[in-house]
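Lettering follows sequence order; numbering is per chain, from 1. Note that the coordinates shown come from a computational prediction; the quantities given were computed from them, not determined experimentally.
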Amino acid sequence: MPIIGVVVIWEVVARLDLVPAYMFPPFSMVMVKMYHLMASGVLEDNFVASLARVLAGFALGSAAGISMGILMGCKETMNRSLHPIFSLLYPIPVLGWAPLLMIWVGINDLLPVMLIFICSFFPLLYNTITGIKGIDRDVIQAARVLGASDKTILTTVILPLAVPNIFTGLRLEAGMAWRVVIAAEMVAIPTGIGALLMRSESLLQVDVIIVCLIVLSLMCLLFERMFRYGETRLTYKWRG
Amino acid sequence: MAIWGPTGAGKTTLLNTTAGLIGYQGEVFFDDKAMEGIPSSRRGVGFLFQNLALFPHLDVASNVGYGLRVRKERANGRVDELLRLMKVEHLKHRYPKNLSGGEKQRVALARTLATSPNILLLDEPFNSLDNQTCRHLIFELRHIQRRLGITMILVTHNPVEAKDLADRVAIMDKGRIKGVMPSGSFFSSKDIHSHINDSYHDLAQPGSRGQR
């Protein structure tokens with residue numbers, strides 16, 4: 001209901017011609033533009049390019065973060081050795097890496113993938129460590145006394161109990177990955193939703209910009225919901 | 001057997017050492033066999049933790065069958081048998097968060113018994129229970145102990161629990177066993193009275209568990 005209300009107000013205000021339509025197009029005009037962009041394949045091409053980068057960077061960054069988090073969460077020596085290094089790297093804003101990566105990997109598809117990798121890696125790393133460190137030590141000892149090997153304890157006790165924290169990281173960082181890909185495409189890459197945004201800005205195509213923002217918003221929301229659903233499916237029985 | 005002593009006496013450390021859960025200097029023998037280098041899973045011990053340590057992500061049946069599954073033994077019949085023994089078969093599909101303190105206790109005990117340990121180590125297992133549930137469980141534990149012929153070592157700071165459950169009571173203080181006596185003469189021992197007077201002023205307070 002609130003969304004419909006906003007759309008109606010937007011449409012009405014835009015139709016009052018207080019501001020020129022090219023500056024503030026009505027919702028209906030934006031939807032028509034979206035249809036044209038979809039029909040011509042422009043939106044699809046750019047969307048697929050961004051999506052592929054997000055999926056690649058996010059999957060690799062998350063997998064690396066979770067794996068390293070498991071290692072550091074389970075092995076105290078690893079944690080003590082690596083924690084100081086990651087503590088120094090983590091506070092660097094992800095876009096701060098962009099100039100360095102432009103020189104190292106060049107201005108190509110790898111650049112946004114690397115940026116998303118960095119953006120996903122650290123939160124997943126720390127969420128996984130927190131999840132593992134938060135497990136009651138007695139639960140792990142109980143599994144050990146009952147005969148479970150380290151590997152079995154990892155797969156049957158540690159990982160399932162760390163799932164809520166891991167999913168919190170995934171949920172928060174999925175949206176962040178979209179923000180990062182847009183930023184990277186806006187500054188360096190000629191394809192993708194971010195690039196389409198920049199082109200539209202230079203051509204004063206406010207309707208296209210709004211279409212891009214809607215797509216971005218929907219994707220952030222979709223990813224967030226997807227991981228929330230996954231978390232619920234995996235843990236609702238025992239967490240309620 | 002019960003090991004009784006004040007908080008900080010080293011009772012839980014002794015139990016953890018016996019189970020091989022922590023590193024230690026010195027030697028632990030089971031039936032004259034040195035346990036040096038033998039992991040806890042192969043010492044033939046069952047361990048009932050103070051906080052019970054149930055797996056929160058597994059239902060009651062999976063908790064009880066965990067030890068059998070990881071040992072690749074048949075779980076179904078044995079799990080049902082233990083659930084019946086502990087009178088929790090109706091809770092089979094519940095998760096630990098939906099169990100009462102007494103029910104959790106029974107499930108944890110069933111899980112511990114599932115792998116048929118030779119020695120059952122009980123680390124202050126009745127701490128979080130009300131008096132009535134506690135009494136019931138002590139009665140049932142004695143029954144199970146006799147039925148299964150299993151050695152039990154109970155660690156507790158509650159002298160009544162020690163007397164009610166054990167045949168023999170060892171008094172422990174500052175990391176040392178001060179004496180071992182039949183539970184029948186535990187309360188008449190001078191040691192216990194001096195320990196109680198020194199360490200358990202709170203037991204004299206009305207309503208405390210020691211006054212049951």
Should we say atom [atom1] of [X] is surrounded by more than 12 heavy atoms from elsewhere, each under 6.0 Å from it?
| X | atom1 | result |
| --- | --- | --- |
| Glu73(B) | CD | yes |
| Met38(A) | CE | no |
| Arg137(A) | CZ | yes |
| Met72(A) | CE | yes |
| Arg225(A) | CZ | no |

| Does the pair Tyr66(B) and Thr152(A) meet the rule for a side-chain contact (heavy atoms from CB on, under 4.5 Å), with working shown? | CA-CA 11 Å; Tyr66(B) 183 89; Thr152(A) 308; 4.2 Å; yes
| message | Please classify the contact between Arg239(A) and chain B as side chain, backbone, both or neither, with a heavy-atom cut-off of under 4.5 Å. | response | backbone
| remark: Note: Gly147(A) and Ser41(B) closest approach over all heavy atoms is CA-CB, 3.3 Å
| query | Which of residues 49-58 of chain B get closer than 4.5 angstrom to chain A, counting heavy atoms alone? | reply | Phe49(B), Asn51(B), Ala53(B), Leu54(B), Phe55(B), Pro56(B), His57(B)
| When only heavy atoms count and the cut-off is under 4.5 Å, which of residues 92-119 of chain B reach chain A? | Tyr95(B), Lys97(B), Arg111(B), Thr115(B)
| Between NZ on residue Lys237(A) and CG on residue Asp59(B), distance to nearest 0.5 Å | 8.0 Å
| Measuring from Thr156(A):OG1 to Arg69(B):CZ, what's the distance to the nearest 0.5 Å? | 8.0 Å
| task | Quick one: which of Asp136(A), Ile135(A), Leu161(A) has the most heavy-atom pairs under 4.5 Å with chain B, could you say? | result | Leu161(A)
